[in-house]
Novice: 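Could you have a look at this structure, given as structure tokens, before my questions?
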There are 2 protein chains.
Amino acid sequence: MDLMNYENLKLFRDVTQMRSLSRAAAANGVSQSAVTQQVQELERAFGIGLLDRANRPLTVTAAGRLYADFCRDVLRRRDEFLVELEQVKQHSLGTVRVASIYSVGLSEMVEIEQEFARRVPSACLEVEYLRPERVYAAVLADEADLGLVSYPEPSREITVIPWRKEEMVLAASPYHPLAGRAQVAPEELKGVEFIGFDRELPIAREVNRFLKDHNIEVNHTLHFDNLQMIKEAVAHRAGVSIMPARIMFEEMAQGRLVAIAIDAPELYRPLGIIHRRKKRFHQVAQAFIALLCESPKPELGLIS
Amino acid sequence: MDLMNYENLKLFRDVTQMRSLSRAAAANGVSQSAVTQQVQELERAFGIGLLDRANRPLTVTAAGRLYADFCRDVLRRRDEFLVELEQVKQHSLGTVRVASIYSVGLSEMVEIEQEFARRVPSACLEVEYLRPERVYAAVLADEADLGLVSYPEPSREITVIPWRKEEMVLAASPYHPLAGRAQVAPEELKGVEFIGFDRELPIAREVNRFLKDHNIEVNHTLHFDNLQMIKEAVAHRAGVSIMPARIMFEEMAQGRLVAIAIDAPELYRPLGIIHRRKKRFHQVAQAFIALLCESPKPELGLIS
DNA sequence: CTTGCAATATAAGCTACTCTGAATTTATAA
DNA sequence: TTATAAATTCAGAGTAGCTTATATTGCAAG
């Protein structure tokens, strides 16, 4: 028999509290017979009487008191557990943990967050901004449900959902010779002073391939591992660079940088949603993915 | 389902410890299928995953860790309970609590205790000497399993097992005129100075009835509520008295009292074992009762 | 990528447990 | 004593959860 089945524990606790089998039976919605059998079975299993039925109302023996205490403690621990569980459920079923690279664009993320909060008010969105490799790590370690990265790379453990393609433009200082142009042809970049990304970054590989495909030799002056530094360098007239248009908005509004369209349709930055291959997504996470995918925001024809 | 069935708790704890359903199954002597079903049922009941089976070896989710902790705590509490229970069992199934009047005779009780210890070495005998009314009270309150009393009186709550009949003799000082006699007839007691028991004691009623039945008028000089005081008074020549022979042994050996048989077969002190009417006796208690009853020690023909 | 192995999941049938309901016994109060 | 409320006993029914057999999945090695 189950010495520790919930019904049993509660039943026995109630019996000792109410000093009556029949009342405990009623209180727990079972027949009196069932309670009798339960207690008898307990006594048989323990090899000692728990109740003294010789007198009425029945009394509890020393062993019975011991068991009643046990019941009380376990039931209390159970309640505690259920409360904790509810909290964890609330958290892990109600929140989406997103790890994102910095350059996804804070302002857009805020918009998405707002829309998500509107649609699923009970949900909680936790966005963490990390360097690309740490985004992958977070997803792999299940510290994030979703990752937002550029140039997403699937692997055995990682699945990619393509998200959007960002227009890449030439970033230049307003004082640069090309600054006034609305568009440039790739060939026009020959020999320009160029600020690039560190080699190992995917975006660097893509940009370099683009340059190579067009037989363009540029003059690499500096390279950094993040966009912010590159923007700074461009603004300080160290050269031009190629980057997603959207992340330059602020600097453009301030007149620190200008964006010049490049006549090269193959030049774009793909963004992707990554997640662990066999991950089961709960309601809320699914809703969030749906939100991301459903409105692939119209590519902003930046200059217009 | 039973969220707290022992097998289940242990099973889940083992699963989380071993990080394997199949090993936990083997360790608990059930099929791997059963474990899968158990865990699935738990997850269904909780409405949240406990294990992450996507990777091998499987990992435990936050909720799973919570439940595993719960399992650990409950199992620990269970062990604790079982230890306590064993102690209580040892005590309440292995000890006989006896409440006895003083005048049952300490020396004989020691003998009985020794014999009992020889027969049931695991047992523990707790003898408590009390005034008669407190013996009844102890039995009623289940503070004693058995009571040893004289002139036992059954009641609704109390059952009597007749135990033995003690010879009653005339107790006198060695200096008393009757001291040399081996036996006296009841009539010879007419007019003697007599030390009696307090009226309300059963023994007083019996002795007085005996005297009245034989039309004997004695000269009541003193009365006490206990034998010890009466013996003292007799030794100090305040008069004679009637009492069980056996309790005078020591004083007789010391030459402080003499016992004289009384030619009256109806004069005896009945001793009885009392217990609560519907009491269930365990092995050890039954053995003790058997010991008491089996050897109704030969009435010691005291003088011989 | 396929293949093989080990772990886990699913399906279906069966066993055994525990509940219910009715009849019986027990404890207490009038 | 009788009347009552309470506890026990017994037999039968429904089902939870096990087992076995089979399918699926995860992972590592060729």
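Residue numbers begin at 1 in each chain, while the letters A, B, ... track the order of the sequences.
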Novice: Nearest whole angstrom, please: distance from the P of C/dT18 to the CD of A/Glu41.
Specialist: 7 Å

Novice: Could you list the residues that satisfy side-chain contact (heavy atoms from CB on, under 4.5 Å) with B/Leu140, not counting sequence neighbours?
Specialist: B/Glu157, B/Ile158

Novice: I want to check one thing: is the phosphate of C/dA9, taken as OP1 and OP2, less than 4.0 Å away from some side-chain N or O of B/Thr36?
Specialist: yes

Novice: Determine the contact category for B/Val30: base if any of its heavy atoms lies under 4.0 Å from a base atom, sugar-phosphate if only primed atoms, P, OP1 or OP2 are that close, otherwise nothing.
Specialist: sugar-phosphate

Novice: Would you work out how much the helix from C/dC1-D/dG30 to C/dA30-D/dT1 bends between its ends, with each end axis defined by five base pairs, to 10 degrees?
Specialist: 30°

Novice: For A/Arg13, check side-chain hydrogen bond (donor to acceptor under 3.5 Å, both in side chains) against everything at least two apart and list the hits.
Specialist: none

Novice: Take atom CD of A/Glu7 and atom P of C/dT18, then tell me their distance rounded to the nearest Å.
Specialist: 12 Å

Novice: Give me the first and last nucleotide of DNA chain D, going 5' to 3', that has any atom under 4.0 Å from a heavy atom of chain B.
Specialist: D/dG17 to D/dC27

Novice: Could you tell me how far apart A/Arg44 (CZ) and C/dC17 (C1') are, to the nearest whole angstrom?
Specialist: 13 Å

Novice: Could a donor-acceptor pair under 3.5 angstrom be found where the side chain of A/Gln37 meets the base of C/dT20?
Specialist: yes

Novice: Determine whether the side chains of A/Thr36 and A/Gln32 contain a donor N or O and an acceptor N or O closer than 3.5 Å.
Specialist: no

Novice: In whole Å, I'd like the distance from the CD atom of A/Gln32 to the P atom of C/dT26.
Specialist: 15 Å

Novice: Going by the rule salt bridge (charged side-chain N to carboxylate O under 4.0 Å, His left out), which residues pair with A/Asp225 if we only count those two or more places apart in sequence or in a different chain?
Specialist: A/Arg131

Novice: Can you classify the ring geometry of A/Tyr129 versus A/Tyr102 as parallel (below 30°), tilted (30 to 60°) or perpendicular (above 60°)?
Specialist: parallel

Novice: Give the rounded distance in Å between these two atoms: OH of A/Tyr6 and C1' of C/dT18.
Specialist: 18 Å

Novice: Would you tell me if any nitrogen or oxygen in the side chain of B/Ser22 comes within less than 4.0 Å of OP1 or OP2 on C/dT8?
Specialist: yes

Novice: Which residue lies toward the 5' end of DNA chain D, A/Leu58 or B/Gln38, if each is placed at its nearest nucleotide?
Specialist: A/Leu58

Novice: Centre-to-centre under 6.0 Å for A/Phe12 and A/Phe70, is that the case here?
Specialist: no

Novice: Let me know the distance between CZ of A/Arg53 and P of C/dT24, rounded to the nearest Å.
Specialist: 22 Å

Novice: Taking all non-hydrogen atoms of both residues, which atom of B/Ser92 and which atom of B/His282 are closest, and how far apart?
Specialist: O-CE1, 2.9 Å

Novice: Would you mind reading off the distance between B/Arg277 atom CZ and C/dA27 atom P, rounded to a whole angstrom?
Specialist: 11 Å

Novice: Is there a side-chain hydrogen bond (donor to acceptor under 3.5 Å, both in side chains) between A/Ser103 and A/Arg269 once you walk through the steps?
Specialist: CA-CA 11 Å; A/Ser103 58; A/Arg269 184 174 80 147; 2.8 Å; yes

Novice: Sequence neighbours left out, what passes salt bridge (charged side-chain N to carboxylate O under 4.0 Å, His left out) with A/Arg199? Give chain and number order.
Specialist: none

Novice: Let me know the distance between CD of A/Gln40 and P of C/dC17, rounded to the nearest Å.
Specialist: 16 Å

Novice: Under 3.5 Å, is there an N or O donor on one side and an acceptor on the other linking the side chain of A/Ser33 and the base of C/dG21?
Specialist: yes

